[in-house]
2 protein chains.
Amino acid sequence: MSISSRFSVGIHILTLIEINKDGVSSSEYLAGSVNTNPAVIRKIMGMLKKAGLIKVQPGIAGAELAKDLSDITLLDVYKAVNVVKDNELFSIHENPNPDCTVGRNIQNTIEPLFFSAQNAMEKVLENVTIEDVVKDVIEKEIKR
Amino acid sequence: MSISSRFSVGIHILTLIEINKDGVSSSEYLAGSVNTNPAVIRKIMGMLKKAGLIKVQPGIAGAELAKDLSDITLLDVYKAVNVVKDNELFSIHENPNPDCTVGRNIQNTIEPLFFSAQNAMEKVLENVTIEDVVKDVIEKEIKR
DNA sequence: TAATATGTAACTACAATGATTACATGTAAT
DNA sequence: ATTACATGTAATCATTGTAGTTACATATTA
């Protein structure tokens, strides 16, 4: 199991749109940097657009950020690209035996534990913005 | 994407072995409570055994906990049943374009962020033991 | 040796991922 | 208006993981 790379690609796209803000970030251009097919990029762009993170228009080349850099968290991207359904990072087996003490209580016991673990993870994502990512990419670039 | 229910089934198994400690927890018995096939249970039992969490022997019916209740954390179970590879909860797209500023730095920027998010989640699992789960199941049972 | 349990391998159905192709739709320049 | 080009989206495919099922070898005990 692994969370889809749509998430990391989404971060890549937003970061590149910012760094290339004086140029035109078409799906083909972005695909060239991510190194995948433009249709894959367009699909993810569609999700980012739906979530209000970028502005794109049919027929017009290029995408722009729809919000301030510092106002887009990794959690926003994570939710936008739909890699994990709400509160379903962990799946719990269904239909345990109601005639057994453990069977009839285990789901209610486990569920809040899983929620809080998932929540701790998402809180970390919420505390990082695309601005942080852009700055780090630039910093790493300078140190080369 | 969702983390395999092997994890929740593993917790169920350990909890039931404890609560049924005066009885015999065979794979068939456990399967009856989880409500799945005994072979599925045996496969997971094999993983729990390999991780040193339970004792099972071929030919001998029943499983026992190999460690103290309070000494088995949910993180132990999570690692035992192999639902997420080490530091690979999030997958990062491979082969971004090295001729692009973002392409050649994004992986190194994203990786530590993903690690810390995954780590925050695992820390929560580390702070819950099977003893906590057993107690909660019993408590919920009493309140019925 | 008969009965029973664990350990495994093989096979199936199903779902998600990521890539690819194709094409409809929308925009702008000539 | 027609051409050129970009986005939006559907269909298809190979690959992988999950969960269940069957079957059987191996091990233990009565």
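Each chain gets a letter, A, B and so on, in the order its sequence line appears, and its residues count up from 1.
Pairs passing the salt bridge (charged side-chain N to carboxylate O under 4.0 Å, His left out) check and including a residue from residues 15-33 of chain A, sequence neighbours excluded, read A:Glu18-A:Lys21. Sorted by first and then second residue, the side-chain hydrogen bond (donor to acceptor under 3.5 Å, both in side chains) pairs involving residues 47-60 of chain B (not counting sequence neighbours) form an empty list. Among pairs with a residue in residues 11-45 of chain B, those fulfilling ring-ring contact (aromatic ring centres under 6.0 Å, His included) read A:His93-B:His12, at least two apart in sequence or across chains. Under the salt bridge (charged side-chain N to carboxylate O under 4.0 Å, His left out) criterion, the residue pairs touching residues 134-144 of chain B are A:Arg104-B:Glu141, B:Glu131-B:Lys135, B:Asp136-B:Lys140, B:Glu139-B:Lys143, B:Glu141-B:Arg144, with sequence neighbours excluded. Applying the side-chain hydrogen bond (donor to acceptor under 3.5 Å, both in side chains) test to residues at least two apart or on different chains, the pairs with a partner in residues 35-45 of chain A are A:Ser27-A:Arg42.
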Could you list the donor-acceptor pairs under 3.5 angstrom formed by side chains in residues 71-80 of chain B, with sequence neighbours left out?
{"from": "B:Thr73", "atom 1": "OG1", "to": "B:Leu75", "atom 2": "N", "distance (Å)": "3.2"}
{"from": "B:Thr73", "atom 1": "OG1", "to": "B:Asp76", "atom 2": "N", "distance (Å)": "3.1"}
{"from": "B:Thr73", "atom 1": "OG1", "to": "B:Asp76", "atom 2": "OD2", "distance (Å)": "3.2"}
{"from": "B:Asp76", "atom 1": "OD2", "to": "B:Thr73", "atom 2": "N", "distance (Å)": "2.9"}
{"from": "B:Tyr78", "atom 1": "OH", "to": "B:Glu122", "atom 2": "OE2", "distance (Å)": "2.8"}

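Distances shorter than 4.0 Å separate none of the side-chain N or O atoms of A:Ser5 from OP1 or OP2 on C:dT17. Regarding contacts with the backbone of D:dG17, every side-chain N or O of B:Ser4 stays at 4.0 angstrom or more from both OP1 and OP2.
Here B:Ser2 lies out of heavy-atom contact (under 4.0 Å) with every strand.
Within residues 8-21 of chain A, no residue has any heavy atom under 4.0 Å from DNA chain D. Near DNA chain C, meaning a heavy atom under 4.0 Å from it, residues 30-61 of chain A has A:Thr36, A:Asn37, A:Ala39, A:Val40, A:Arg42, A:Pro58, A:Gly59, A:Ile60 in order of number. Residues of residues 93-108 of chain A that place a heavy atom closer than 4.0 Å to DNA chain C do not occur.
Computed from coordinates, the A:Glu64 CD to D:dT7 P distance equals 12 Å when rounded to whole Å. Here the C1' atom of nucleotide D:dA19 and the CZ atom of B:Phe7 are 18 Å apart, to the nearest Å.
When the side-chain contact (heavy atoms from CB on, under 4.5 Å) test is applied to A:Asp132, the partners found at least two apart in sequence or on another chain are A:Val128, A:Thr129. For A:Asn87, the side-chain contact (heavy atoms from CB on, under 4.5 Å) test picks out A:Phe115, A:Gln118, with sequence neighbours left out. Contacts of B:Glu126 classified as salt bridge (charged side-chain N to carboxylate O under 4.0 Å, His left out), with partners at least two apart in sequence or in another chain: B:Lys123.
Both A:Asn82 and B:Ser25 lie close to DNA chain C; mapped to their nearest nucleotides by heavy-atom distance, the more 5′-ward contact belongs to B:Ser25.
Judged by distance alone, the side chain of A:Ser33 and the main-chain N or O of B:Cys100 form no donor-acceptor pair under 3.5 Å.
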